[in-house]
Amino acid sequence: MPMISGENFGIVVHGGAGVMSTLTQDQQDAIKLKVSETLMSSYKILKNGGSSLDAVEFAVSEFEDSPLFNAGKGSVYTSNETQEMDASIMFGLDRSSGAVASVKIIKNPIRLARKVLEETNHIFLVGDGAESFAKNIGVDVVEPNYFYSEKNLKRLRKVKNKLTNNYAIQDKIGTVGAVAIDKDGNISAATSTGGMTNKMPGRVGDSPIIGSGTWAQNGVCGVSSTGHGEFFIKYQVAREVCSRMEYLNQTLEHSSKNVIEELKKIGATGGLIAIDKDANISTPFNTAGMVRGSITNKIDLSVEIY
Ligand code: ASP
C-alpha cells in the first residue's frame, strides 16, 4: 500500500466506556489531567515528525502506568482474584500488528505487543510464551503484587454479589486506547486492558484482537474500541468501521456512529475512538460515559467523560 502523505496529523485516546456513576469530582479531575498531559506529550511526538506508532504506544503505556485506568497497573480482577492483561497495536502502512493476551507480570503489555510486531514473525503471543519472550527481549516484568488494588478487589466482590457479568451495569474503570495519524499519513492504533471484572481466568476479550479492538489502515481509518468484548469480537467492530468507509464511501462520523448505534440495538454496550486519513476524529459511545480526548493540528485539545 502506498504511503499517503497528508498535512494533517493528530491523536485521539480513550480511557474506557461505561457507567462511571461512582466517579467523584476529584477522580474525574485526576483522569482529565492524566489524559490532557498524555495527549500533549503524544502530540509533541507527532508535531516533531515522530511516527504514529510511537505516539500511540507512548499514550497507552502512560495510561498503563496509572491506577486510574483498567490496563497495566489498574487492571481489574478475574473471578479467581488474579489479573490478566491483553493488548494490541497495529501499523496502518502495511497492517503489521502485534498482540499479547493473558499476561500477568508485564508492566506495559502494549510495549510487549510492539515487540511482537517488530521482533517476531508472529502477531499474537499469549500467557507463558508471551512472558518468556518479554524476559528474553528485556521488556519490563514485575511481581504480580505490583498490580494489587484494594479498590479493584472491592469492585470484584461487588460484581460477584450482583451475580452478573453484565457489562452494561458494571461500575467501571476503563480500558485504554489511542489512535493517531502522523505527518507521513501513517495511521496507528493501540488498545490495552485488564479485561472485564469477574471474567473467567483465561478469558480474552476484543482488545488484543486485530479487527475487533484495534484496526489501522492507511488511507482509510484507525480505530480502538472499548466495551463488552464478546460483542465487539462477534461484530469485528474496529475493522467494520473502516470497511464501511472503504466499501460504502461513508464518512468516519457516519460509519462509526452507525456501528455503535447498531450495537446498542443488540444490547452491546461500549464505544470507540477513530481517526481518518484527514485527521478527522469521531468518538461515539452508547454508554453513560466514555473517557476520551483528542488534539490535532486542526482542533484544540479536548477531554471529556460524559
Ligand atoms: N473490551 C474490554 C474487554 O472486553 C473491556 C472494556 O473495554 O471495558 O476485555
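Start at 1 and go down the list; that is how both ligands and their atoms are numbered. These values consider heavy atoms only, across backbone and side chains, with no hydrogens, waters or symmetry-generated copies. Remember, predicted model here, so these are calculated numbers, not experimental data.
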Where ligand 1 meets Ser207 - atom numbers and elements under 4.0 angstrom, heavy-atom basis: 1 (N), 2 (C)
Side-chain ion pair, Glu261 and Lys257, N-O less than 4.0 Å: no
If we only count N/O pairs under 3.5 Å, is Ser225 in contact with ligand 1? no
Are side-chain N/O atoms of Glu84 and Thr78 paired as donor and acceptor at under 3.5 Å? no
Please list, in number order, the atoms of ligand 1 under 4.0 Å from a heavy atom of Gly227. 1 (N), 2 (C), 3 (C), 4 (O), 5 (C), 6 (C), 7 (O)
Residues Asn8 and Asn297: side-chain donor-acceptor under 3.5 angstrom: yes
Quick note on ligand 1: atoms under 4.0 Å from a heavy atom of Gly229 include exactly 4 (O)
State whether Tyr43 and Lys47 meet the cation-pi test: NZ (Lys) or CZ (Arg) under 6.0 Å from the six-membered ring centroid, and within 45° of the perpendicular axis. no
Using a 6.0 Å distance limit plus a 45 degree cone around the ring axis, check whether Lys73 lies over the aromatic ring of Tyr146. yes
Of Arg203, His228, Lys199, the one whose closest heavy atom lies nearest atom 9 (O) of ligand 1 is Arg203
If you compare Thr191, Val204, Thr226, Val76 by their heavy atoms, the one closest to atom 7 (O) of ligand 1 turns out to be Thr226
As a quick check of understanding, evaluate salt bridge (charged side-chain N to carboxylate O under 4.0 Å, His left out) for Lys32 and Glu37, giving each step before the final call. CA-CA 9 Å; Lys32 283 186 170 174; Glu37 287 172 353; over 6 Å; no
Numbered atoms and elements of ligand 1 in range of Met196, under 4.0 angstrom, heavy atoms: 4 (O)
Run the numbers for me: atoms of ligand 1, each under 4.0 Å from some heavy atom of Gly195, listed by number. 9 (O)
In ligand 1, the atoms that come under 4.0 Å of a heavy atom of Asp206 are 1 (N), 2 (C), 3 (C), 4 (O)
Less than 4.0 Å between a side-chain N and a carboxylate O, is that true for Glu246 and Arg239? yes
